[in-house]
Amino acid sequence: MNIILLGPPGAGKGTQAQRLVDGRGMVQLSTGDMLRAARDAGTPMGLQVAEIMKSGALVSDEIVSGLIDEKLGSMTEAQGAIFDGYPRTAEQAASLDGILAARGRTLDHVIELEVDEDALVDRITGRYTCAKCGTGYHDRYAKPKVEGVCDTCGSTEFKRRPDDNAETVRTRMAEYRAKTAPILPIYEARGLLKRIDGMADIDHVSAAIGAILG
Ligand code: AP5
Ligand code: MG
């Protein structure tokens, strides 16, 4: 099974992808996570994209499609893929078709998390992750069971993303509206698009995704 999770910044793509990884053994392909890893490792590509990411603009289609192709190449045929934050432009959507075809994979579902933009700033500015294992949390909506201790690995160190501030979020949303939302009709025309209410609580969103995947 190969699926795309689509939605604006803070819609819950990463949160739901993490649950699918835990529950179904699928593999999350988050271009945002891959770019942050390259940036933190200080690779030439990472240094090149750091400023762009900080501004909330999109990095080049070539870079992200290259990352996706490489990651898919490292997976076994049996492993399902969850595309999280990719594709984000019509060019990336076309590249993904080619990348999947070359590897004998087909796209099963494109799931759009429909959300109210006003709520997203609140979600994003409250977000943090475990510094050790990356498990995601929120100051109010997804707290660890024991305050200050990661549920997954027990670490007590957490971090916040530099682009998770109210100003950059506005740029990221504008990029989504201008460049990513226009790819939804492409998938709708192919009968792949499923829309779900991303404003429901995290468990309800997971249940809605589970109902689509079967
Ligand atoms: P990326 O990392 O993909 O960021 P994004 O798309 O802006 O999405 P987010 O990760 O902010 O949101 P999410 O939907 O994953 O939400 P989450 O589950 O964490 O990209 C970052 C940057 O990298 C881009 O700006 C760009 O520069 C570059 N980039 C990446 N991919 C690219 C590409 N393909 N092309 C070009 N450039 C690219 O949830 C948010 C918070 O809300 C969490 O705290 C969570 O606990 C909480 N939450 C989640 N669901 C719910 C719910 N149902 N109710 C209440 N709270 C919830
Ligand atoms: Mg994310």
Side-chain angles (χ1 to χ4, degrees), residues 4-21 28-40 45-46 48-69 71 82-93 95-96 99 111-117 119-130 134-144 151 158-166 168-181 183 196-209:
I4 297 174
L5 296 180
L6 261 174
K13 304 179 295 292
T15 301
Q16 297 301 329
Q18 200 174 326
R19 288 181 166 213
L20 291 170
V21 168
Q28 176 186 13
L29 291 88
S30 160
T31 39
D33 287 350
M34 294 174 199
L35 293 168
R36 280 185 286 280
R39 179 199 63 198
D40 295 347
M45 183 273 278
Q48 187 190 328
V49 300
E51 282 305 309
I52 302 171
M53 293 178 76
K54 205 172 162 191
S55 74
L58 296 184
V59 311
S60 79
D61 294 331
E62 292 71 28
I63 288 179
V64 290
S65 293
L67 288 169
I68 288 287
D69 190 35
K71 177 71 184 176
I82 310 157
F83 298 99
D84 161 8
Y86 178 93
R88 260 172 148 96
T89 63
E91 289 74 16
Q92 291 178 26
S95 293
L96 180 60
I99 290 168
I111 300 175
E112 180 192 3
L113 302 170
E114 289 188 301
V115 282
D116 168 4
E117 273 203 12
L120 299 182
V121 175
D122 179 46
R123 281 198 193 176
I124 286 178
T125 52
R127 168 170 58 188
Y128 61 98
T129 53
C130 171
T135 297
Y137 297 100
H138 189 280
D139 291 327
R140 286 185 306 287
Y141 311 129
K143 296 184 189 176
D151 294 345
F158 298 89
K159 60 180 180 182
R160 291 180 191 259
R161 278 170 44 179
D163 58 343
D164 278 353
N165 57 74
T168 308
V169 169
R170 297 288 174 200
T171 307
R172 286 158 59 196
M173 282 178 189
E175 289 283 74
Y176 180 83
R177 275 195 301 269
K179 296 172 185 162
T180 309
I183 70 178
I196 61 172
D197 177 15
M199 293 309 295
D201 67 41
I202 294 173
D203 288 340
H204 281 93
V205 176
S206 300
I209 294 174

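For clarity, every value in this text was computed on a predicted model and none was experimentally measured. For ligands, and for the atoms within them, numbers begin at 1 and follow the listed sequence.
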Q: Below 4.0 angstrom, N of the basic side chain to O of the carboxylate: do Arg88 and Glu175 qualify?
A: no

Q: Answer yes if the side chains of Arg19 and Ser206 hold a donor-acceptor pair under 3.5 Å, and no otherwise.
A: yes

Q: Could you identify the single nearest non-hydrogen protein atom to atom 23 (O) of ligand 1 and state the distance to 0.1 Å?
A: Met53 CE, 3.4 Å

Q: Does some non-hydrogen atom of Arg36 fall short of 4.0 Å from ligand 1?
A: yes

Q: In ligand 1, which numbered atoms sit nearer than 4.0 Å to a non-hydrogen atom of Gln92?
A: 33 (C), 34 (N), 35 (N), 36 (C)

Q: Could you tell me whether a side-chain N or O of Glu91 sits under 3.5 Å from a main-chain N or O of Ser60, the two making a donor and an acceptor?
A: no

Q: Quick check: Ala11 and ligand 1, any N/O pair under 3.5 Å apart?
A: yes

Q: For atom 7 (O) of ligand 1, what's the nearest protein heavy atom and its distance?
A: Arg172 NH2, 2.8 Å

Q: Can Gly126 be said to touch ligand 1, with heavy atoms closer than 4.0 Å?
A: no

Q: Which ligand 1 atoms does Asp201 reach within 4.0 Å, using its non-hydrogen atoms?
A: 53 (N)

Q: Charged N to carboxylate O below 4.0 Å: is that the case for Arg140 and Asp122?
A: yes

Q: Hey, is the main chain of Tyr128 close enough, under 3.5 Å, to the side chain of His138 for a donor-acceptor pair?
A: no

Q: State whether the shortest distance between N or O atoms of Asp164 and N or O atoms of ligand 1 falls below 3.5 angstrom.
A: no

Q: With the threshold set at 4.0 Å, does a side-chain nitrogen-carboxylate oxygen contact exist between Asp116 and Arg123?
A: no

Q: Going by the order shown, which atoms of ligand 1 are within less than 4.0 Å of some heavy atom of Ala142?
A: 46 (O)

Q: Tell me: protein heavy atom nearest atom 51 (C) of ligand 1, and distance?
A: Ile202 CG1, 3.3 Å

Q: So is Gln16 polar-close to ligand 1, meaning N/O to N/O under 3.5 Å?
A: no

Q: Where the closest heavy atom to atom 29 (N) of ligand 1 is concerned, which of Thr31, Ile68, Leu35 has it?
A: Leu35

Q: What residue and atom, counting heavy atoms only, is the protein's closest point to atom 8 (O) of ligand 1, and at what distance?
A: Lys13 NZ, 3.1 Å

Q: Only heavy atoms of His138, strictly under 4.0 Å: list the atoms of ligand 1 that pass.
A: 44 (O), 46 (O)

Q: Using a strict cut-off of 4.0 Å, indicate which atoms of ligand 1 neighbour a heavy atom of Leu58.
A: 36 (C), 37 (N)

Q: Is Tyr128 touching ligand 1 with its side chain, its backbone, both, or neither, if touching means heavy atoms under 4.0 Å apart?
A: neither

Q: Say whether Ala200 and ligand 1 are in contact under the criterion: heavy-atom distance to a ligand atom below 4.0 Å.
A: yes

Q: Within a distance under 4.0 Å of any heavy atom of Tyr141, pick out the atoms of ligand 1 and give their elements.
A: 55 (C), 56 (N)

Q: So is Gly136 close enough to ligand 1, meaning a heavy atom under 4.0 angstrom away?
A: no

Q: Flag Met199 as yes when one of its N or O atoms lies below 3.5 Å from any N or O atom of ligand 1, and as no otherwise.
A: no

Q: Could you tell me whether Arg172 and Asp164 have a side-chain N and a carboxylate O separated by less than 4.0 Å?
A: yes

Q: Looking only at protein heavy atoms, which one is nearest to atom 9 (P) of ligand 1, and what is the separation?
A: Arg127 NH1, 3.2 Å

Q: With a 4.0 Å cut-off on heavy atoms, is Gly198 in contact with ligand 1?
A: yes

Q: Between Gly85 and ligand 1, is there a nitrogen or oxygen pair with a distance under 3.5 Å?
A: yes

Q: Give me the residue, atom name and distance of the protein heavy atom closest to atom 5 (P) of ligand 1.
A: Arg88 NH2, 3.4 Å

Q: Tell me whether ligand 1 is touched by Gly10 - counting only heavy atoms on the residue side and a distance under 4.0 Å.
A: yes

Q: Just need the protein heavy atom nearest to atom 18 (O) of ligand 1, so name the residue and atom and give the distance.
A: Thr15 OG1, 2.5 Å

Q: Hey, is ligand 1 close enough to Asp33 that some N/O pair sits below 3.5 Å?
A: no

Q: Under a 4.0 angstrom heavy-atom cut-off, which atoms of ligand 1 come close to Gly14?
A: 13 (P), 15 (O), 18 (O)

